[in-house]
Protein chains: 4
Amino acid sequence: MSTKDDLMRAAIRLFAAGGVAATTTREIAAAAGVSEGTIYRHFAGKDQLVDEILSQHCAAFAAELDGVQAQAASKWEKLRALVRQCYIAFDRDPDLFTLLLISRHAPMQRIPVETRTPAGVFQAVIVRGAEGGKIGGLPAPFAAQIGLGMVLQPAIGSLHGEVERPLAPQADAVAGAIWRALSLV
Amino acid sequence: MSTKDDLMRAAIRLFAAGGVAATTTREIAAAAGVSEGTIYRHFAGKDQLVDEILSQHCAAFAAELDGVQAQAASKWEKLRALVRQCYIAFDRDPDLFTLLLISRHAPMQRIPVETRTPAGVFQAVIVRGAEGGKIGGLPAPFAAQIGLGMVLQPAIGSLHGEVERPLAPQADAVAGAIWRALSLV
Amino acid sequence: MSTKDDLMRAAIRLFAAGGVAATTTREIAAAAGVSEGTIYRHFAGKDQLVDEILSQHCAAFAAELDGVQAQAASKWEKLRALVRQCYIAFDRDPDLFTLLLISRHAPMQRIPVETRTPAGVFQAVIVRGAEGGKIGGLPAPFAAQIGLGMVLQPAIGSLHGEVERPLAPQADAVAGAIWRALSLV
Amino acid sequence: MSTKDDLMRAAIRLFAAGGVAATTTREIAAAAGVSEGTIYRHFAGKDQLVDEILSQHCAAFAAELDGVQAQAASKWEKLRALVRQCYIAFDRDPDLFTLLLISRHAPMQRIPVETRTPAGVFQAVIVRGAEGGKIGGLPAPFAAQIGLGMVLQPAIGSLHGEVERPLAPQADAVAGAIWRALSLV
DNA sequence: AATGAATGAGCTTTCATTCAT
DNA sequence: AATGAATGAAAGCTCATTCAT
């Protein structure tokens with residue numbers, strides 16, 4: 001069960017570096033150290049390779065986030081745990097995190113709707129803090145996007161070299177900023 | 001000079017919908033109602049078409065933001081004006097805004113560094129509020145990314161149908177959230 | 001309107017010589033004196049090229065047969081005209097005739113059912129001579145196939161070099177044989 | 001030695017249904033319930049698998065035809081026996097018969113010339129009835145093709161659903177038609 | 001300025017075949 | 001004997017780009 005993983009790892013790295021469309025099957029095969037035909041023994045095609053990477057890691061990361069959130073006692077602790085876990089994940093595997101980020105646009109929408117997503121877990125925790133459907137004077141879904149943006153945008157900034165890594169040390173400060181921004185109590 | 005504009009408008013729409021790499025020159029020409037060869041009468045190639053769209057609108061939007069910011073008196077008013085102007089721009093032309101957002105990855109890096117960017121204006125205003133290089137306990141560039149994320153992520157959310165349009169009515173609430181998040185004074 | 005015809009002619013020749021599956025798009029393009037990509041400007045794909053050749057010539061040849069049959073006065077004259085016209089067509093363009101023959105198996109079944117076929121015209125003329133659904137003691141459709149085989153098999157034989165060309169001089173003798181075989185009156 | 005037979009049976013069925021070139025080794029292996037590599041333990045390659053099927057069954061069927069023909073006393077009885085035996089063979093194994101029919105084009109020509117073919121036996125019997133090289137006013141080889149076509153075309157028609165099976169009950173009527181067509185005595 | 005047929009490099013994909021187990 | 005992962009040559013096809021009209 002190694003070749004398939006090799007292919008997925010190589011694909012994640014190349015996709016993160018150059019984008020999905022610009023990465024060729026030839027490059028993926030070469031990076032994985034196998035021949036091009038081997039890709040098609042493990043995946044129905046390039047699209048399905050992308051989909052499998054996304055849905056697999058999407059679900060795994062969502063479960064990871066859900067785990068740390070469930071173990072935390074208070075709202076504040078849940079928020080803190082989520083942010084920290086996001087940045088741990090980013091620091092652990094920036095390529096994968098990058099792919100998840102840049103795929104929010106096109107290929108992500110092919111993922112089966114029942115798949116749990118990291119963003120979904122995050123939003124659920126924030127929305128649960130809503131009082132009368134409003135958070136900090138904003139509709140709950142809007143507020144949830146704001147919270148999401150506060151976590152993800154620094155990650156994007158670090159890809160562009162505008163923010164220093166690792167991100168994890170800043171997790172608590174970010175959680176605090178979200179807490180204040182959304183006037184949670 | 002209508003054909004060139006038709007091409008740029010068509011390209012913006014298609015790029016926003018499907019990504020730059022996945023959009024073909026054939027599709028652009030068809031959407032603009034001209035033949036494929038006509039593209040090359042107005043642009044040196046697909047890349048240059050992308051670059052021209054980005055740098056042109058990037059600079060224009062940056063100038064627009066800079067204008068409203070310069071006219072505002074206080075820090076708070078500057079922030080409020082920037083957020084509002086962002087959402088006005090989004091509501092006015094979601095396709096263009098989307099393109100600017102999703103292009104932050106590959107083609108954006110071909111833009112000449114001296115070109116002013118919307119994100120740059122935004123960051124400058126926030127960083128200017130820094131005291132001792134720290135904002136709300138975070139390094140200034142990190143805080144600037146957070147502020148940016150608070151504005152942009154709701155826009156992304158609205159593309160996915162998770163947030164209702166128009167966004168402009170929420171501008172003041174978002175500015176307030178940023179103010180609290182970054183503990184600006 | 002020449003390139004498309006060139007491609008179809010080249011394809012007919014190569015298909016007849018080596019079979020449809022064994023003929024590559026590269027070969028077709030080379031034989032037509034154009035580049036490979038040009039095929040796809042005129043046809044959606046190799047399959048559609050095959051289909052268009054078949055249905056176009058199928059319909060044209062069927063119309064040709066129907067014309068000579070309609071102009072003939074008696075049953076005997078109709079039969080004679082059909083056989084002669086078949087062999088004239090074979091002698092005129094053995095490649096095309098060959099393609100029609102060898103395509104009776106797989107690709108022919110993709111042709112729209114409403115398309116008139118040469119075999120259909122032939123069978124109709126024979127079946128019209130049936131008395132009580134029987135011809136020469138055989139069910140009419142069975143007899144029609146026999147008549148068809150008497151015309152086509154010598155053509156196949158000539159492809160294998162077992163029968164001398166041209167075939168047209170034998171047309172009347174073959175018509176006579178069919179007449180006797182099916183005990184038509 | 002069952003695996004080899006399984007492979008040949010599966011291949012015959014698939015070849016008849018979709019043609020030799022369009023049938024992949026993967027499909028053959030799957031239909032035979034073995035792995036792809038196993039094919040190469042029994043055959044040197046796909047071509048040799050085809051060749052072995054064809055020459056084996058070709059020779060066997062030719063011998064079968066020759067047997068019934070030799071046992072028949074008169075010309076008429078020989079013809080009758082041949083036709084009946086052809087249709088018995090078709091009814092017994094339409095896939096194999098179909099393969100023999102449609103393979104008359106490419107792979108058949110790789111069969112060693114000394115191998116006796118069913119068509120050859122058939123033609124020999126008819127040609128032996130020639131008087132002065134002519135049969136029914138036609139060159140003997142031409143007449144032989146006509147006789148062949150009268151037997152084979154109904155088989156093709158039955159593959160297309162235009163003629164009802166089984167064919168054997170019509171054998172005597174077909175033999176009679178050939179007798180009349182070729183004015184044999 | 002505009003066309004659209006043509007190009008050809010390069011893409012994704014297929015498939016007969018090999019080989020370590 | 002059998003497997004099935006791996007191969008690599010070659011297939012069908014795409015697409016940014018060119019050019020005669």
Side-chain angles (χ1 to χ4, degrees), chain A residues 1-4 6-7 21-30 32-50, chain B residues 1-4 6-7 21-30 32-50, chain C residues 1-4 6-7 21-30 32-50, chain D residues 1-4 6-7 21-30 32-50:
Chain A
M1 231 279 218
S2 183
T3 298
K4 185 168 185 176
D6 289 349
L7 280 167
T23 302
T24 69
T25 51
R26 202 175 300 259
E27 289 168 337
I28 296 169
V34 299
S35 84
E36 230 174 323
T38 298
I39 292 176
Y40 297 86
R41 181 157 296 283
H42 296 282
F43 305 95
K46 189 189 173 187
D47 283 355
Q48 212 234 18
L49 165 58
V50 177
Chain B
M1 181 77 53
S2 179
T3 298
K4 184 167 184 174
D6 288 348
L7 280 167
T23 302
T24 68
T25 52
R26 182 190 289 241
E27 288 168 335
I28 296 169
V34 300
S35 83
E36 232 175 320
T38 300
I39 293 176
Y40 295 86
R41 212 144 279 289
H42 297 281
F43 305 95
K46 188 189 175 187
D47 283 354
Q48 211 236 15
L49 165 59
V50 177
Chain C
M1 229 281 216
S2 183
T3 298
K4 185 169 183 175
D6 289 347
L7 281 166
T23 302
T24 69
T25 52
R26 207 172 297 260
E27 288 168 338
I28 297 169
V34 299
S35 83
E36 225 175 327
T38 298
I39 293 176
Y40 297 87
R41 182 157 296 281
H42 296 282
F43 304 95
K46 188 189 174 188
D47 282 356
Q48 213 234 18
L49 165 58
V50 177
Chain D
M1 182 76 54
S2 179
T3 298
K4 184 166 183 176
D6 288 348
L7 280 166
T23 302
T24 68
T25 51
R26 183 190 290 241
E27 289 169 335
I28 297 170
V34 300
S35 83
E36 232 175 322
T38 300
I39 293 175
Y40 295 86
R41 211 144 278 289
H42 296 280
F43 304 95
K46 188 190 174 187
D47 283 355
Q48 210 236 17
L49 164 58
V50 177

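Since this is a predicted model, take the numbers as computed values, not measurements. All chains are named by letter (A, B, ...) in the order of the sequence lines, taking the proteins before the strands, and each is independently numbered beginning at 1.
- For the atom pair CZ of B:Arg26 and CD of B:Glu36, the computed distance is 5.5 Å after rounding to the nearest 0.5 Å.
- Computed from coordinates, the B:Lys4 NZ to E:dA2 C1' distance equals 16 Å when rounded to whole Å.
- Taking CZ of C:Arg41 as the reference point, atom CD1 of C:Ile39 lies at 13.0 Å (rounded to 0.5 Å).
- Look at D:Thr3 and you won't find any side-chain N or O under 4.0 angstrom from OP1 or OP2 of F:dA1.
- At whole-Å resolution of the value, CD1 in A:Ile28 and P in E:dT12 are 7 Å apart.
- With rounding to whole Å, D:Phe43 atom CZ is found 15 Å from F:dA2 atom C1'.
- Note that OG1 of C:Thr24 and NZ of C:Lys46 are 7.5 Å apart. Values are rounded to the nearest 0.5 Å.
- To the nearest 0.5 Å, atoms OG1 (C:Thr3) and NE2 (C:His42) are separated by 5.0 Å.
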Tell me, for nucleotides 14-21 of chain F in 5' to 3' order, what letter each nucleotide earns: B for a base near a protein heavy atom under 4.0 Å, S for only sugar-phosphate near one, - for neither?
BSBBB---
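- When side chains are defined from C-beta on, A:Ile28 counts as touching A:Leu49, because their heavy atoms get closer than 4.5 Å.
- No side-chain heavy atom of D:Asp6 sits less than 4.5 Å from a side-chain heavy atom of D:Val34.
- Two residues, B:Gly33 and C:His42, neighbour DNA chain E, and the one matched to the more 5' nucleotide by heavy-atom proximity is B:Gly33.
- The side chain of C:Ser35 places an N or O atom within less than 4.0 Å of a non-bridging phosphate oxygen (OP1 or OP2) of E:dT7.
- Rounded to an integer number of Å, the gap from CD of A:Gln48 to C1' of E:dT13 is 14 Å.
- Rounding to the nearest 0.5 angstrom, the gap separating the OG atom in B:Ser35 from the OH atom in B:Tyr40 is 11.0 Å.
- Stem analysis of DNA chain F (at least three stacked-register Watson-Crick or G-U pairs, each with both distances under 3.5 Å) gives E:2-21 with F:2-21.
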